[in-house]
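One structure is given below, encoded as structure tokens.
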Amino acid sequence: MSQSPNDASGREATSLRDILCGSLSAADIGRKVELCGWVARRREHGEHLAFVDLRDYSGIVQCVIDGAHDVRSEYVLRVSGTVRARPEGTINDRLSTGAIEVGDCEIEVLASAEPPPFGLDDRTEVDEQIRLRNRFLDLRRPRLQKNLRVRARVNRAIRSAMDDQGFVEVETPILWAPTPEGAREFAVPSRLHHGSFYVLPQSPQLAKQLLMVGGIDRYYQIARCMRDEDLRADRQFEFTQLDLEASFVTQDDIVGFATRAVQDAAEAATGERPGQMATMTWRESMDRFGTDKPDLRLDGELIDLSATFGNSEVKAFAAPIVKALVIPGGATTTRSQLDTWTDRAKSMGAGGLAWFRVTREEGVLGFDSPLDRFLSDQERSAMLEITSASEGDLVLCVADEWRVAVDVLGTLRSQILSLPVGDGPACYVWITEFPLFDGLDAEGKPQAAHHPFTMPLEEDLDLFETDPLAVRSQAYDLVLNGWELGSGSVRIHRADIQRKVFRALGVTDQEAEERFGFLLNAFRYGAPPHAGFAFGIDRLVAIFCGEENIREVIAFPKTQSGTDLMTGAPARIAPSALNDLGLRPFPVES
RNA sequence: GGACCUGUGGUGCAGUCUGGAGUGCACGCCGCCCUGUCAAGGCGGAGGUCGCGAGUUCAAAUCUCGUCAGGUCCGCCA
């Protein structure tokens, strides 16, 4: 418990206390101490004896009170007493301070307290709604105490890693200009310029590129980002990322900088330092795992059956690509579950989902499947051989265009085989060579997959005219156990290539000028080649803490509908304040 | 915008499918007893708009519809 650098180390002494409850041990026997903390629990034995478990963030110690007193749960106490060994037979092995107690106690009640609405130990599961409404009490509990301290260690390790690597911490504005691109922005009305707005940054993207033009060379920031999009277990309106950018570098340099930061953070949080991280191209990841954020802890990859079924008589397999996924032990899957998966496949654009329960009859492997009777003996044995499926397994197949087939099976793979994110080994993987464009919009124009300043792979520049969707980019993601931690790219610093990309995106010169004029203008005055990266600290810390939900590593998170149950935000503001801002609300329907 | 799950004394649950008196369990709270407990123990007690609103019914925590809140997910998140 006390191995954390933030825990007791001598720095915790104040004018009111000189040591932390949880840091006392047999070595302190005979020592006079002054402690401050909350009453975690009390055991009354009449007016002559009471035991009070005093709690601070470091832990709990038993204080013995002889004589009159009135202390209750969560009272805030200052206790002066002497550390002594517990009498024989009363040692508590379940407590780190269980060999000692504080005797001859003098109690000062610093604050009384009403009974808390829920128990503050870690034994009781409490509904999250009630925890959020009383977050200040929830914070007192060991879970959040631990998570927030892990988070602080991660932040410190990251700052130190970036500093070691020559990065300069620069703060960028929270009040920024609207630059409509990806996520919906939070707007802040201007008091001095009625009708005009600042926006809160979705990320410091443009600011950090300007810092590169400004010769900062290596920038980083533990930056708050705001996106007005629907919330999820791994997404809040506001989140924190390590944001970095460097000049005169390649992708490999950036990957190295970020890897070092993550390694140091992991070591600080968990004590285990990740080794070298795997790298695979986006194409390979999609082909093998059907996703650009593969969970490498999970067994099984997508298997290509196209060669076997390319000329199949089976109608269901009449497609350019046939992909398969083996679910070990999945033969017991119910028909209704299979129907649910089939619906999911159809909703993703597939014609259907073929399934084969692997059975054994008289020593021979075969299939229980509606499609089995359409298979030739050759196809049946080929499928068994290529998939290596054995009795009791389930084989799922999708025949379609490559992208649809891998998407569907990749989704099912991560859904069916999923593990809690903190379980097992930490599997980091860098995904590289993302497509520059991600499909076409309604008007048939390519969409930027990352952002429009992402540098294409040099060797793909010729494809712009012939096959823009095939153009790969110098963009890269870092993935941990199926969670996307962050992404980055080499930026375009040459005006001719930027024009090419804007033209492909259908962005006119005028639009580019309106949206990013200040950046393009800056680039006219000598932009160094630069590249950067950003990864989500909330997600990283959540995984380190074994939490499935980033709310567990945020002091004051919002609900899925974006409200704060403790403060009541968002809330109306006074009409006079609206006037100042030049705003008039729509009438609220009753 | 959509799908699904949850809502019962302060807390966590059971009861809901199969309607029959606010019934039960554990924790907490209050009072009394208790000098070695540690999730203390014993005795006694208080505490409820079964989220809210309609409907069906002789009768609704329970069935139906609507609604609110929380959660998980799809869409969304360059």
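Chain letters run A, B, ... following the sequence lines, proteins first and then strands; every chain starts at 1. Computed from heavy atoms alone, side chains included, the values below leave out hydrogens, waters and symmetry copies.
- As judged by a 4.0 angstrom heavy-atom cut-off over every strand, A/Thr454 is placed among residues making no nucleic acid contact.
- Among the nucleotides B/C76, B/G12, B/G71, the one closest to any side-chain atom of A/Asp230 is B/C76.
- Checked by atom type, the side-chain pair A/Glu245/A/Gln209 shows no donor-acceptor distance below 3.5 Å.
- For A/His45, the listed nucleotide lying nearest its side chain is B/G36; candidates were B/G1, B/G71, B/G36.
- Sequence order on RNA chain B of the closest nucleotides to A/Asp234 and A/Gly98 puts A/Gly98 first from the 5' end.
- For A/Gln560, whose side chain is taken as the heavy atoms from C-beta onward, the closest listed nucleotide among B/U72, B/G36, B/G12 is B/U72.
- Considering only side-chain N and O atoms, A/Arg133 lies nowhere under 4.0 angstrom from the phosphate OP1 or OP2 of B/U11.
- Distance from the side chain of A/Thr124 is smallest to B/G12 among B/G12, B/C30, B/C77.
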>> Applying side-chain contact (heavy atoms from CB on, under 4.5 Å) to A/Phe51 and A/Arg41, what does each step give before you reach the verdict?
In response: CA-CA 8 Å; A/Phe51 300 97; A/Arg41 196 161 227 98; over 6 Å; no

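- Among the atoms of the strands shown, base atoms are found under 4.0 Å from some heavy atom of A/Gln62.
- In this structure, B/G20 forms a base pair with B/C58, meeting either the Watson-Crick or the G-U wobble geometry with both donor-acceptor distances under 3.5 Å.
- Using Watson-Crick or G-U wobble geometry with both donor-acceptor distances under 3.5 Å, B/G75 finds no partner in any strand shown.
- Pairing for B/C25 goes to B/G12, judged as Watson-Crick or G-U wobble with the two contacts each under 3.5 Å.
- Counting heavy atoms from C-beta on, the side chains of A/Arg55 and A/Glu74 come closer than 4.5 Å.
- Pair assignment for B/G66 gives B/C52, based on Watson-Crick or G-U wobble hydrogen-bonding distances that are each under 3.5 Å.
- With both pairing distances under 3.5 Å, B/G41 is matched to B/C33 as a Watson-Crick or G-U wobble pair.
- With distances taken from any side-chain atom of A/Gln129 to the nucleotides B/U72, B/A69, B/U11, the minimum falls on B/A69.
- Comparing B/U11, B/G70, B/C38 by their nearest atom to the side chain of A/Thr90 picks out B/C38.
- For A/Ser561, a side-chain nitrogen or oxygen approaches OP1 or OP2 of B/G70 to under 4.0 Å.
- The side chain of A/Ala183 lies closest to B/C77 when the candidates are B/G36, B/U11, B/C77.
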> Hey, mind stepping through A/Tyr219 and A/Asp243 against side-chain contact (heavy atoms from CB on, under 4.5 Å) and telling me if it holds?
Replying inline: CA-CA 8 Å; A/Tyr219 143 90; A/Asp243 192 51; 2.7 Å; yes

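- Of all nucleotides listed (B/C29, B/C30, B/C34), B/C34 comes nearest to the side chain of A/Glu44.
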Can you pull every protein N or O that's under 3.5 Å from an N or O on nucleotides 44-48 of chain B?
none

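- Put simply, the side chain of A/Asn549 and the base of B/G71 share no donor and acceptor less than 3.5 Å apart.
- In the set B/C29, B/U72, B/U37, B/C29 carries the atom at the smallest distance from any side-chain atom of A/Ser73.
- Inspection of the A/Thr172 and A/Gln221 side chains reveals an N or O donor paired with an N or O acceptor under 3.5 Å.
- If you check distances only, the side chain of A/Arg72 never reaches the base of B/G28 with a donor-acceptor pair under 3.5 Å.
- In terms of position along RNA chain B, the nucleotide closest to A/Pro117 lies nearer the 5' end than the nucleotide closest to the other residue of the pair A/Pro117 and A/Arg43.
- Under the stacking definition used here (centres under 5.5 Å, planes under 30°), the residue A/Phe51 qualifies as stacked on the base of B/U37.
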